[in-house]
Structures are given as structure tokens and as C-alpha cells.
Amino acid sequence: MFGGEDQHRRLLNDISVLDLETMTWSTVETMQTSPAPRFDHTAALHADRYLLILGGCSHSIFFNDLHVLDLETMEWSQP
């Protein structure tokens, strides 16, 4: 899971992973520059290796960008 809001409506740009066996969440550390915090974006998995994050918004900005997280190296990039 990428982004969203916390209980105080602060926007997030972190990555969280749910372990389906233990039903526990963990936060993953990534490298390079993460996308700006956002919500209402689209996230898709490509080739079981890349997490694509497209668009979304903050409380004052509408994003029209694409970010790619390589799930093997955990590095962000922008094509």
C-alpha cells in the first residue's frame, strides 16, 4: 500500500506491506526520492516487479505524474 492519510489527515508517502500469513503490517524502506505524499492515486503492479503510482492529489494539488518502484531493488524512479 502506498500513501493515504493518517488519523490527523496528514498525507503519507510511505510503503506498507501486509503479511497475509500473520496478518501484520510492516513499513518498507525505499531508496531515491519518493513521490510526494498523496491520496486518490492509482497503483498498479507490472510484471510482478514494478509498482506504478499515477496521479492523485494532496489537499491543494492535483498530480499528473508517474512514479515507479522497483520491488527488487526498492528504488523509486520517474520515466
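Taking NE2 of His67 as the start and OG1 of Thr30 as the end, the distance is 12.0 Å to the nearest 0.5 Å. In this structure, CG in Leu12 is found 11.5 Å from OG in Ser34, a value given to the nearest 0.5 Å. Separation of atoms OG (Ser58) and CG (Asn13) is listed at 12.0 Å; rounding is to 0.5 Å. If you take OG1 on Thr27 and CE on Met1, they are separated by 8.5 Å, rounding to the nearest 0.5 Å.
Leu54 and Phe62 end up in different hydrophobic clusters when Ile, Leu, Val, Met, Phe, Trp and Tyr side chains are linked at under 4.5 Å.
Under a cut-off of 6.0 angstrom, the local environment of CG in Asp19 is crowded, with over 12 non-hydrogen atoms contributed by other residues, nucleotides or ligands. Taking a 6.0 Å sphere around CD of Glu21, one finds it holds 12 or fewer heavy atoms contributed by other residues, nucleotides or ligands. For Asn64, the CG atom counts as loosely surrounded, since its 6.0 Å shell holds 12 or fewer non-hydrogen atoms of other residues, nucleotides or ligands.
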Derivation and outcome, side chain to side chain contact (heavy atoms under 4.5 Å, CB included), residues Thr73 and Met31:
CA-CA 8 Å; Thr73 64; Met31 298 174 17; over 6 Å; no
Apply the test side chain to side chain contact (heavy atoms under 4.5 Å, CB included) to residues Asp70 and Arg49: give CA-CA distance (whole Å), side-chain angles for both, the deciding distance (0.1 Å), then the verdict.
CA-CA 6 Å; Asp70 184 323; Arg49 179 172 176 177; 2.7 Å; yes
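Residues passing the ring-ring contact (aromatic ring centres under 6.0 Å, His included) test with Phe39 are His59, sequence neighbours excluded. Taking the salt bridge (Lys or Arg N to Asp or Glu O under 4.0 Å) definition, one finds that Glu75 meets it with nothing, sequence neighbours left out.
Nearest approach of Pro79 to Leu66, heavy atoms of both residues: CG-CD2, 3.5 Å. Of all the heavy atoms in Trp25 and Ser16, the pair that sits closest is CE3-CB, 3.8 Å.
Cluster partners of Ile15 are Phe2, Val17, Val28, Leu45, Leu51, Ile53, Leu69, Leu71, Met74, Trp76, counting Ile, Leu, Val, Met, Phe, Trp and Tyr whose side-chain heavy atoms approach within less than 4.5 Å, directly or via other members.
Using a distance-only test at 3.5 Å, with no hydrogens or angles considered, no donor-acceptor pair links the side chain of Arg38 to the main chain of Gly3.
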